[in-house]
Amino acid sequence: MPKAYDPKQAEQKWYEFWFKGGFFQAGKEGSEEKEPFSIVIPPPNVTGNLHIGHALNMTLQDILIRWKRMEGYDTLWMSGMDHAGIATQSKVEARLREEGISRHDLGREKFLEKVWEWKEHYAQIIREQWYKMGLSLDYSRERFTMDEGLSRAVRKVFVTLYEKGLIYRGQYIINWDPAARTALSDIEVIHKEVQGHLYHMNYPLKDGSGFIRVATTRPETMLGDTGVAVHPDDDRYKGLVGQSVVLPVVGREIPIVADEHVDPEFGSGAVKITPAHDPNDFEIGGRHDLPQVLVMDETGTMNENAGPYRGLDRFECREKIVKDLQDAGVLTEIEEHVHSVGHSERSGAVVEPYLSTQWFVAMKPLAKQAIRDTKSGEGVRFVPERFEKIYLHWIENVRDWCISRQLWWGHRIPAWYCADCGETIVRIEDPESCPRCGGGKLKQDEDVLDTWFSSGLWPFSTLGWPQKTNDLDRYYPTDVLVTGYDIIYFWVARMIFTALEFTGEKPFRDVLITGLVRDAEGRKMSKSLGNGVDPMEVIDQYGADAMRFMLSTGYTPGNDQRFRWERVEAARHFANKIWNASRFALMHLEETGAETLSLEAPLSTADRWILHRLNETVETVTESLNRYDFGEAGQALYRFIWDELCDWYIEFAKRPLYGEDEEAKRVTRSVLVYVLDQSLRLLHPFMPYITEEIWQHLPVDGESITVSQWPQKNPAFEATQAVQEMRVLIETIRAVRNIRAEMEISPKKQVELIIRADGSVLSAYRNNESAIRRLCGADRFQAGSDLARPDKATTAVVTGAEIFIPLEGLIDIGQTITRLQDELKKLDKEVERVEKKLANRGFVSKAPAHIVEEEKQKGAEYRQKRDKVKNRLKELQGQDR
RNA sequence: GGACGGUUAGCUCAGUUGGGAGAGCACCUGCCUUACAAGCAGGGGGUCGCAGGUUCGAGCCCUGCACCGUCCA
């Protein structure tokens, strides 16, 4: 094995091995008796490359799947991608634009061919990125939202909801994206605070008796005004209700109406009403039968109703109309005003509230069951819990969902209109003729469905629904969904509604919510800032395992994390550490091969200690994963492997391994192989490649670590005595090293070590003499209960023992005195603290007995240590004079 | 305006039923010691945002405030 781990060489090799071995495939022969465990992938958009957020999300899922697979479940990680309507279509259109053509030049059919080509191209890129990340997706089941099967599911849902009256078509104010030229749903609109203006205008009363003053942030919409509204209780305007004003520029006569909805506190208390360009005005207009006048077209350009402003962009129009109205004395005041303006989530364009005919889903009836479930505690469990409130608040206030999009790329709405009688026909199968008049002139609705309509069916449509397939039966409902908090409304909530409605079950038991991966400065990664991190670049530089470990550990669930290259580097160092520990182990295994661990064999203190600690680590890692606490699991593994296995166990093991005692060698090798094997298994879900690479070198049975058994806690490994002994040994070795460092004793120089102790502590020293000699750099060693204090020796005191290092006069005693005085100060403080606590009657009577007992023991230890230090000081100070 | 998250070592962050403040990186010192210099050994560094409260005991629970951030209206 080479000195450093080379990810590139391992990654491709093992991924191919796994892939060919079919380890990722669910429901293979022999898995019938296993319990199923399933996750569906949040399908990435086929728009392009995966970003680091995907890498995080996918890594977490892969950890869960690999872990459960090792625990013996029949695991399914459903693979697939999303057609991503607007996003994909606009990318393809942009590409075409470079060639100087528009989608209209091509026509619908030809354009869609181009999009399918694009899809195939990027799907392959995405698959390759999945491979590189080491993901154990079931590729044999990969789905696409526009597959035939999934499209059937979409139609089935659409038709069923239509027949129940939960899908309807109508003319309402929707959010219009003038750049993408399509309707949007409410949640596709991002509201941003914008510094704008409030324009005050005086509309002249028809009878010439004066003006009524209105205020607006959007003066260009005045062209579409069809009324002025005031609050019915507003005394200022009581006499004016029922009268008319003459709309400036347009000359239209419009009524003054009274409506409860008007806020008398805002502006002058009178508002202009533009029913075709504002949702509130639409409502008010409806109540008062006001006409609806659209003044813009679908691109945000003023139309023929805008009179002289026709042909102007809406923002140009604003500037011009403000000037004109000022000149005319209508617009009398402009105030600075901060208000919230909707922007398209996709195109970034300012969204236009726009009157148009669209399809909607009535959400309230669908939300009912989901709300009931959550309130009764039977709903989907959110991890972390706090996201449940966010979800609940949204479903309780959900509004109807505009699902039609004026795009070509997507599921075409299964509605046909009869040219002869005007009938609307909604069918799963394409109709041949009109069922009402028998006419054959049917035209399908031009629009497609919101992408999220099909994504909302993902957990069951991918498993074959509406057909009753084996997969659906076996793997549905799924166990957990892993996704970001940014799509709780878009996706998670909608999956829950539709699943409850169409399958009668929750789509998943738990939903694990992840935070965002931000840049090192804490900013959101974005294309415009150019601060995004490409996961492929990270893998290229540090390996997939390092990236996975960095992303999945060391942060809090649900919180954002910052991407820092130093942390990836630290993860790579960790991988390398394991690599070298394994090299060490394999070096000693070469000659003899495998050894089976036997607890009957004469195990050393270190052997029993590391097995005990392994036991605890198995428990911590398993329990943490059960809680989805990847950070804790990762930390436990890091500490165990680096601090305990490498820094202590292996150092202790060197004595027997390099020694002459063949039995001791055998025993040590058996423990080392066992602990390494088990550690690699625990680490495998996090770092699949390096663990497989090493595991394949180890003399253990099994085809692949991927399908090896997950470690179990072994009660026979309990060894509290060994833990106590190791504590003393480690404390002693540290004390000696500390002395050596402070006294500047060269690492090469051997010293003499005399330890005074008795009872079990003494036997611990005697049993581990050679390890202590090695790790303390002591070529002469004595331990006993009644050893004489040597002259000219420096001293340290550890729990239950005194340590002497004779120094042959080359060291000044003053240094030792200073060190012991510092030590004494610390101990005095500790003793004082404990005694104060124990003197507190409240503490002794109210604190739990075991806590009080612990304090007493600590107190005894500190006092004992302190007394020893004091005695030594006295002796030394006497000697110094 | 409402809700939520954050504020802990120079930096990035852990800290799970309240019981002696931790990690990684950075920093200082000494080491190419026969797994690993991507390493080893030793070391310095924090009034846990502020103010109250509950408790024998608060980084952790309660109240208020400040600042940063997110979502919703």
Side-chain angles (χ1 to χ4, degrees), chain A residues 1-5 186-187 190-191 340 384 386-394 397 485-486 488-489 515-516 518 520-524 542 546 550 553-588 620 623-624 627 629 631-632 634-635 638-639 642-643 645-647 650-651 653-654 657-658 672 733-748 774-777 829-830 833-834 836-848 850-852 854-855 858-859 862:
Chain A
M1 282 169 88
K3 242 183 161 182
Y5 169 60
D186 294 336
I187 50 182
I190 299 165
H191 294 276
S340 150
R386 66 186 139 95
F387 289 104
E388 184 184 286
K389 263 182 260 170
I390 293 172
Y391 158 79
L392 185 64
H393 179 260
W394 188 73
N397 296 284
Y485 59 67
D486 50 337
I488 290 177
Y489 307 145
L516 304 180
R518 295 172 173 277
E521 276 78 50
R523 294 172 305 181
K524 210 166 158 171
Y542 293 91
M550 174 267 167
T553 65
Y555 79 102
T556 319
N559 285 11
D560 294 351
Q561 62 171 314
R562 297 187 192 196
F563 186 93
R564 317 194 97 235
W565 288 98
E566 305 96 274
R567 285 186 49 221
V568 190
E569 206 177 341
R572 181 180 64 172
H573 291 178
F574 180 47
N576 205 49
K577 188 73 183 174
I578 300 155
W579 181 257
N580 279 294
S582 306
R583 274 180 64 222
F584 171 81
L586 289 164
M587 209 171 83
H588 290 279
T620 306
E623 280 181 359
S624 303
R627 289 195 309 269
D629 191 344
E632 176 62 28
Q635 257 181 45
Y638 190 96
R639 277 197 305 266
W642 199 310
D643 300 346
L645 180 60
C646 293
D647 287 351
I650 287 181
E651 292 307 321
K654 279 177 181 171
L657 288 176
Y658 285 118
L672 187 54
I733 293 162
R734 287 205 166 124
V736 173
R737 285 171 173 173
N738 176 280
I739 288 171
R740 296 185 63 120
E742 278 190 7
M743 304 240 159
E744 291 172 348
I745 300 171
S746 151
K748 282 181 196 134
R774 200 189 117 74
L775 298 175
C776 292
K829 245 170 87 183
E830 292 298 337
R833 192 184 57 75
V834 173
K836 210 169 139 192
K837 214 167 182 181
L838 288 168
N840 182 337
R841 222 175 297 157
F843 176 72
V844 179
S845 62
K846 290 185 183 169
H850 73 275
I851 298 285
V852 177
E854 269 173 36
E855 287 297 321
K858 275 187 232 164
Y862 288 138

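Note on naming: letters A, B, ... go to the chains in the order of the sequence lines (proteins, then strands), and numbering restarts at 1 for each one. What's counted below: heavy atoms across the whole structure, side chains too, no hydrogens, waters or symmetry copies.
Comparing A:Tyr485 and A:Phe574, the nucleotide of RNA chain B nearest to each residue sits closer to the 5' end for A:Phe574. Comparing A:Arg734 and A:Glu855 by the nucleotide of RNA chain B whose heavy atom lies nearest to each, the residue mapping closer to the 5' end is A:Glu855.
Nucleic acid contact for A:Arg567: none, since no nucleic acid atom lies under 4.0 Å from a heavy atom of the residue. Across all strands shown, A:Asp629 has no heavy atoms under 4.0 Å from either base or sugar-phosphate atoms. No contact: A:Glu388 has no heavy atom under 4.0 Å from any strand. Residue contacts for A:Ala570: at a heavy-atom cut-off of 4.0 Å it reaches the sugar-phosphate backbone alone, with no base atom in range. Heavy atoms of A:Tyr391 sit nowhere under 4.0 angstrom from any nucleic acid atom. Base engagement by A:Lys858 is indicated by at least one non-hydrogen atom pair under 4.0 Å involving a base atom.
Considering only side-chain atoms of A:Arg627, the nucleotide from B:rC40, B:rA14, B:rU16 that sits closest is B:rU16. Minimum atom distance to the side chain of A:Pro747 is reached by B:rC31, of the listed B:rC36, B:rC31, B:rA41. Out of B:rC40, B:rA14, B:rU16, the shortest distance to the side chain of A:Trp642 is found at B:rC40. Taking only side-chain atoms of A:Arg518, from C-beta outward, the nucleotide of B:rG30, B:rU12, B:rU70 with the closest atom is B:rU70. Here B:rG6 is the nucleotide among B:rG6, B:rC36, B:rU16 with the atom lying nearest to any side-chain atom of A:Asn559. Among B:rG42, B:rC11, B:rC71, the nucleotide with an atom closest to any side-chain atom of A:Arg564 is B:rC11. Taking only side-chain atoms of A:Pro848, from C-beta outward, the nucleotide of B:rA38, B:rA37, B:rG19 with the closest atom is B:rG19. Among B:rC72, B:rG19, B:rC11, the nucleotide with an atom closest to any side-chain atom of A:Lys837 is B:rG19. Taking every side-chain heavy atom of A:Tyr638 into account, B:rG24 is the closest of B:rA14, B:rA38, B:rG24.
B:rU17 sits 45 Å from B:rC32 when the P atoms are compared, rounded to a whole Å. The same atom, C1', is picked in B:rG19 and in B:rG15; the two are 15 Å apart, to the nearest Å. Taking atom P on both nucleotides, B:rA51 is separated from B:rA58 by 15 Å, rounded to a whole Å. Taking the P atoms as reference points, B:rG24 lies 16 Å from B:rA9, given to the whole Å. The gap from the P atom of B:rC62 to that of B:rU7 amounts to 15 Å, rounded to the nearest Å. Rounded to the nearest Å, the gap between the P atom of B:rG59 and that of B:rG44 is 23 Å. With both ends at atom P, the span from B:rU70 to B:rG18 equals 32 Å, rounded to whole Å. Distance noted for atom P between B:rG49 and B:rU8: 6 Å (whole Å).
Here the C1' atom of nucleotide B:rC36 and the CG atom of A:Leu586 are 14 Å apart, to the nearest Å. Between the CD atom of A:Glu632 and the P atom of B:rC13 there is a distance of 19 Å, rounded to whole Å. What separates CD1 of A:Ile187 from P of B:rC71 is a distance of 13 Å, to the nearest Å. Separating the CD1 atom of A:Ile851 from the P atom of B:rU55 is a distance of 20 Å, rounded to the nearest angstrom. Atom CZ in A:Arg386 sits roughly 16 Å away from atom P in B:rA3 (whole-Å rounding). Going from atom CD1 of A:Ile578 over to atom C1' of B:rG39 covers 15 Å, rounded to whole Å. Between A:Glu569 atom CD and B:rC11 atom C1' there is a gap of 15 Å when expressed in whole angstrom units. Rounded to a whole Å, the CD atom of A:Gln561 is 16 Å from the C1' atom of B:rG5.
Residue A:Asn580 places none of its side-chain N or O atoms closer than 4.0 Å to OP1 or OP2 of B:rA38. Contact annotation: A:Arg562 reaches the phosphate of B:rU12 (side-chain N/O to OP1 or OP2, under 4.0 Å). For B:rG57, neither phosphate oxygen OP1 nor OP2 lies less than 4.0 angstrom from any side-chain nitrogen or oxygen of A:Lys836. Applying the 4.0 Å criterion to OP1 and OP2 of B:rG42, one finds that A:Arg740 has every side-chain N and O outside that range. The side chain of A:Lys748 contributes an N or O atom lying less than 4.0 Å from OP1 or OP2 of B:rC32. When the side-chain nitrogen and oxygen atoms of A:Lys389 are compared with OP1 and OP2 of B:rC71, none of them lie within a distance under 4.0 Å. Within the 4.0 Å cut-off from OP1 or OP2 of B:rG24, not a single side-chain nitrogen or oxygen of A:Trp565 is found. Distances shown here put every side-chain N or O of A:Lys577 at or beyond 4.0 Å from the OP1 or OP2 atom of B:rC36. The phosphate of B:rC71 has neither OP1 nor OP2 within less than 4.0 Å of any side-chain N or O from A:His393.
With A:Phe584 as the aromatic partner, A:Lys654 meets the cation-pi criteria of under 6.0 angstrom to the ring centre and within 45 degrees of the ring axis.
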| message | One pair to check against side-chain contact (heavy atoms from CB on, under 4.5 Å): A:Tyr485 and A:Ile390. What are the steps and the verdict? | response | CA-CA 10 Å; A:Tyr485 59 67; A:Ile390 293 172; over 6 Å; no
| request: Determine, stepwise, if the pair A:Arg567 / A:Gln561 fulfils side-chain contact (heavy atoms from CB on, under 4.5 Å). | output: CA-CA 11 Å; A:Arg567 285 186 49 221; A:Gln561 62 171 314; 3.5 Å; yes
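With A:Asn738 contributing its side chain and A:Arg734 its backbone, the two residues share no donor-acceptor pair below 3.5 Å.
You'll find the side chain of A:Arg774 reaches within 4.5 Å of the side chain of A:Glu651, heavy atoms only.
A 3.5 Å limit on both hydrogen-bonding distances identifies no Watson-Crick or G-U partner for B:rC32. Of the nucleotides present, B:rC50 is the one that pairs with B:rG64 by Watson-Crick or G-U wobble criteria, both distances under 3.5 Å. In this entry B:rG69 has B:rC4 as its Watson-Crick or G-U wobble partner, both defining distances falling under 3.5 Å. Base pairing of B:rG10: its partner is B:rC25, meeting the Watson-Crick or G-U wobble criterion (both donor-acceptor distances under 3.5 Å). With a cut-off of 3.5 Å on both pairing distances, B:rU55 has no Watson-Crick or G-U wobble partner at all.
Heavy-atom minimum distance, A:Ile650 versus A:Leu672: CG1-CD1, 4.2 Å. Between A:Met550 and A:Arg564, the shortest heavy-atom distance links the atoms CE-N, 3.9 Å.
Ring geometry for A:Trp565 versus A:Tyr542: interplanar angle of 30 to 60°, hence tilted. Relative orientation of the A:Phe574 and A:Trp642 rings is parallel, given thresholds of 30° and 60° on the angle between their planes.
Within a 6.0 Å radius of NE2 in A:His573, more than 12 heavy atoms belonging to other residues, nucleotides or ligands are found.
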